[in-house]
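Proteins come first, then strands; the chains are lettered A, B, ... in the order of their sequence lines, and each starts at number 1. Scope of the values below: all heavy atoms of this structure, side chains included, with no hydrogens, waters or symmetry mates.
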Protein chains: 2
Amino acid sequence: MPRAPQISLLEDHLGYWLRMVSNHVSHAFSQKVAGQDVTVAEWVVLRTLFATGTTTPSRVADEMKMTRGAISKLVDRLLAKDLVSRRSSKEDRRWQDVALTPSGRALVPRLAALADENDAEFFGALSDDERAALERILKKIVRQRHMAAVPVD
Amino acid sequence: MPRAPQISLLEDHLGYWLRMVSNHVSHAFSQKVAGQDVTVAEWVVLRTLFATGTTTPSRVADEMKMTRGAISKLVDRLLAKDLVSRRSSKEDRRWQDVALTPSGRALVPRLAALADENDAEFFGALSDDERAALERILKKIVRQRHMAAVPVD
DNA sequence: TATTGTTATACTCTATAACTATA
DNA sequence: TATAGTTATAGAGTATAACAATA
């Protein structure tokens, strides 16, 4: 009598390894930015505003693939920390213009440096070829699955 | 005249791409297992119990790198769904023996099939070489950063 | 009526710390 | 006193849906 068919193992899945590495990388980064009193989600908003200038919650939500409600709360927190400003647009008062404050603008390069540091910590031991391969493969998946609104590279 | 030195871009970081892909993969998987009324964290517990047999919350916490409090709540939910059982160990009544119930045991292969499906969806379009490279690089990082207690491969 | 945004509600995930039971 | 586990509390992240303001 044959044994019951084997089911696939947790570790057989690339998704498993990807999640493990990604969770560690993100967790380490969140520890680093916590020292600047921001969260990872807040960092992404700040970085988006830095790149795009004044924008609206809807556009941020689209770019970050989050709901408007979620962005609303994030922006509330960033307002409380005086890192962004928010006010009604003159053209259409349904819109809110969200922008970095001077202290928000000053903070972004510091956070970017932490991101550099974090990347070096996790990927620095890879060879140039390995890093290039990883980047290429990840971007290929992003492209095929139409994941991003962003990729400006 | 060269322009002012740029700060690193969000998209310059491998961590950024890794997180983007991983989030999408995990999100898609969570949608799939939600159809079986379980979450991803619950799935990992079930899969661990399937592999190791009866164990204790502490050991699960160690393997999953979570706190005992978090595991306690997860096990509560799994108990409520009749997917695991929990009772004091006879040897040392501080310990709790946690094990799959028959319905928990029956569910694991169905969830494993969903994991297979999800992996195929995201990584199926890669070449064999690309998949192998991705796996090798991720495991190298896991090894170097001492991420896992698990890797039985 | 359609759109932008906020608020209310809820649930998962996770941590820390206080607490209980057992040894 | 030390260990296993639970519970209380809290906060991030996220979603859905109800709502308000504006067009």
Name the nucleic acid region contacted by B:Thr56, choosing base, sugar-phosphate or nothing; use a 4.0 angstrom heavy-atom cut-off, strictly under. sugar-phosphate

Contact class for A:Arg86 vs. all strands (heavy atom < 4.0 Å): base, sugar-phosphate, or nothing? sugar-phosphate

If I take atom CE in residue A:Met66 and atom C1' in nucleotide C:dT6, what distance separates them, rounded to the nearest angstrom? 15 Å

For residues A:Val21 and B:Val142, report the shortest heavy-atom separation together with the two atoms involved. CG2-CG2, 3.6 Å

When you compare the protein's N or O atoms with those of nucleotides 16-18 of chain C, which come within less than 3.5 Å of each other, and at what distance?
none

Charged N-O contact under 4.0 Å between A:Asp62 and A:Arg59: no

When the rotation axes relating C1' atoms of four end pairs to the next four are compared across the helix from C:dT1-D:dA23 to C:dA23-D:dT1, five pairs an end, they differ to 10° by 30°

B:Leu74 atom CG is separated from C:dT14 atom C1', nearest whole Å, by 10 Å

B:Trp43 atom CH2 is separated from C:dC13 atom C1', nearest whole Å, by 19 Å

Residues B:Thr56 and B:Ser58: side-chain donor-acceptor under 3.5 angstrom: no

Starting from C1' on D:dA2, measure out to CH2 on B:Trp95 and report it in whole angstrom. 11 Å

In whole Å, what is the span from the CG atom of A:Asn23 to the P atom of D:dA12? 19 Å

Between B:Ser89 and B:Gln96, do the side chains contain an N or O donor and an N or O acceptor separated by less than 3.5 Å? no

Salt-bridged, A:Asp76 to A:Arg86, with N to O below 4.0 Å? yes

Candidate pair A:Lys139 and A:Glu135, rule salt bridge (Lys or Arg N to Asp or Glu O under 4.0 Å), full reasoning: CA-CA 6 Å; A:Lys139 286 184 179 176; A:Glu135 181 172 341; 2.7 Å; yes

Under-4.0 Å side-chain N/O to phosphate OP1/OP2 contact, B:Thr39 with C:dC13: yes

Mark yes or no for a side-chain to base donor-acceptor pair under 3.5 Å between B:Lys73 and C:dT14, with no hydrogen or angle criteria applied. yes

Does B:Leu49 reach the side chain of B:Arg105, with side-chain heavy atoms less than 4.5 Å apart? no

Name the pairs: protein N/O against N/O of nucleotides 19-23 of chain D, kept only if under 3.5 Å.
unit_1 : atom_1 : unit_2  : atom_2 : d
D:dT22 : OP1    : A:Arg93 : NH2    : 3.3
D:dA23 : OP1    : A:Arg93 : N      : 2.9

Before giving the answer on side-chain contact (heavy atoms from CB on, under 4.5 Å), spell out for A:Leu18 and B:Phe123 the whole-Å C-alpha distance, their side-chain angles and the decisive distance to 0.1 Å. CA-CA 11 Å; A:Leu18 196 64; B:Phe123 307 110; 3.9 Å; yes

For side-chain contact (heavy atoms from CB on, under 4.5 Å), just list the numbers for A:Ile141 and B:Trp17, CA-CA rounded to whole Å, side-chain angles, deciding distance to a tenth of an Å, and then say yes or no. CA-CA 10 Å; A:Ile141 296 168; B:Trp17 295 101; over 6 Å; no

Does B:Pro57 or A:Arg77 map to a spot on DNA chain D nearer the 5' end, using the closest nucleotide for each? B:Pro57

Between CG of A:Leu78 and P of D:dA12 the distance, given in whole Å, is 11 Å

Quick one: A:Asp76 CG to D:dG13 C1', roughly how many Å, whole number? 14 Å

Do A:Val60 and A:Arg68 have side-chain heavy atoms sitting under 4.5 Å apart? no

Any side-chain donor-acceptor pair under 3.5 Å between A:His13 and B:Asp116? yes

